[in-house]
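Accompanying notes for the structure given below.
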Amino acid sequence: QEKVQQSPESLIVPEGAMVSLNCSFSDSASQSIWWYQQHPGKGPKALISIFSNGNKKEGRLTVYLNRASLHVSLHIKDSQPSDSAVYLCAVGITGNTGKLIFGLGTTLQVQP
Amino acid sequence: EAAVTQSPRSKVAVTGGKVTLSCHQTNNHDYMYWYRQDTGHGLRLIHYSYVADSTEKGDIPDGYKASRPSQENFSLILELASLSQTAVYFCASSEDKSQNTLYFGAGTRLSVL
């Protein structure tokens with residue numbers, strides 16, 4: 001069974017800081033890596049995904065994937081108080097189910 | 001944006017009672033999923049479906065049944081609710097298996113007493 005581990009568990013940063021979130025996974029053949037954002041009392045919302053080694057940038061978000069080291073990171077530039085949420089790393093399972101395996105998440109608090 | 005609606009938003013049930021959680025999507029998506037979220041375990045897949053009238057077991061199906069009577073509707077059924085099933089339940093849909101973009105509902109908070 002694929003395992004997904006995230007670090008740190010929680011993070012407090014001042015507004016405008018660069019935020020770096022880490023995720024490690026156990027299966028190098030995993031199809032896709034996703035980052036979801038979850039605000040309190042809400043369902044998770046997909047932020048960004050990456051399939052191939054390298055990096056991908058969308059707005060203030062950049063994700064880096066290294067399949068050899070089984071590691072992916074999410075970087076949030078110029079963080080805002082509205083970015084305060086739980087960030088979930090999810091790994092797509094090879095096969096035909098569309099299933100995702102989620103990590104426990106990193107709780108981010110951006111202080112004004 | 002894709003819309004997934006869950007009902008009820010919260011529920012209190014008694015141990016041994018029957019509970020039905022409902023999910024409705026208006027996205028015309030083929031795939032639907034039920035996850036539960038617990039502190040210390042994260043999101044775990046209970047059941048999923050890729051076509052009406054068919055359901056598949058996820059990673060933690062014991063104690064749960066699922067029903068997909070139409071493309072739009074997907075229910076999770078707890079025939080004999082237990083204390084260990086207290087959790088937040090999320091329904092999600094996706095267009096197909098390859099993209100893995102899940103659109104989640106707002107969740108149902110279930111307390112079994």
Side-chain angles (χ1 to χ4, degrees), chain A residues 1-10 21-27 29-52 56 58 61 63 65 72 85-107, chain B residues 1-7 9-10 21 23-25 27 29-51 54-61 66 74 87-109:
Chain A
Q1 170 84 338
E2 173 76 69
K3 293 191 185 300
V4 179
Q5 295 186 310
Q6 294 185 239
S7 64
E9 286 189 13
S10 63
L21 308 177
N22 298 294
C23 175
S24 62
F25 51 97
S26 59
D27 184 0
S30 300
Q31 281 184 318
S32 57
I33 313 295
W34 288 84
W35 286 93
Y36 281 75
Q37 179 191 57
Q38 185 176 20
H39 284 107
K42 306 288 186 181
K45 179 180 179 181
L47 286 179
I48 191 169
S49 65
I50 189 166
F51 297 82
S52 303
K56 179 180 179 181
E58 289 185 359
L61 305 178
V63 60
L65 172 61
V72 61
V86 175
Y87 289 80
L88 301 170
C89 176
V91 176
I93 299 302
T94 302
N96 61 357
T97 67
K99 184 172 81 170
L100 292 179
I101 301 295
F102 286 84
L104 296 184
T106 293
T107 301
Chain B
E1 183 167 306
V4 178
T5 304
Q6 294 183 233
S7 61
R9 288 299 315 278
S10 66
L21 307 182
C23 179
H24 178 78
Q25 55 108 349
N27 312 316
H29 287 170
D30 287 328
Y31 284 74
M32 296 188 75
Y33 307 82
W34 277 106
Y35 283 85
R36 65 176 280 176
Q37 188 172 42
D38 303 85
T39 302
H41 289 283
L43 281 159
R44 292 180 290 172
L45 182 64
I46 307 170
H47 285 288
Y48 64 98
S49 168
Y50 51 84
V51 67
S54 177
T55 63
E56 305 293 333
K57 293 181 179 179
D59 297 322
I60 53 165
F74 192 34
V88 180
Y89 291 85
F90 288 99
C91 176
S93 73
S94 67
E95 186 171 3
D96 59 51
K97 61 181 187 291
S98 64
Q99 294 185 15
N100 293 144
T101 307
L102 299 187
Y103 295 91
F104 283 86
T108 295
R109 183 173 296 276

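Throughout, a chain's letter reflects where its sequence line sits, starting with A, and its residues are numbered from 1. Because the structure is predicted, anything quoted here is derived from the model rather than measured.
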Is [X] in contact with chain A via its backbone, its side chain, both, or neither, using a 4.5 Å heavy-atom distance?
X	value
B/Leu43	both
B/Gln37	side chain
B/Arg9	side chain

Could you check B/Phe90, B/Tyr31, B/Tyr35 and say which one makes a side chain to side chain contact (heavy atoms under 4.5 Å, CB included) with B/Leu102?
B/Tyr35

Qualifying residues under side-chain hydrogen bond (donor to acceptor under 3.5 Å, both in side chains), relative to A/Thr106, sequence neighbours excluded
none

Taking only residues two or more places apart in sequence, or in another chain, which ones meet B/Arg44 in a side-chain hydrogen bond (donor to acceptor under 3.5 Å, both in side chains)?
B/Asp38

Taking atom NZ of B/Lys57 as the centre, report whether more than 12 heavy atoms of other residues, nucleotides or ligands fall under 6.0 Å from it.
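Atom NZ in B/Lys57 is not crowded, with 12 or fewer foreign heavy atoms closer than 6.0 Å.
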
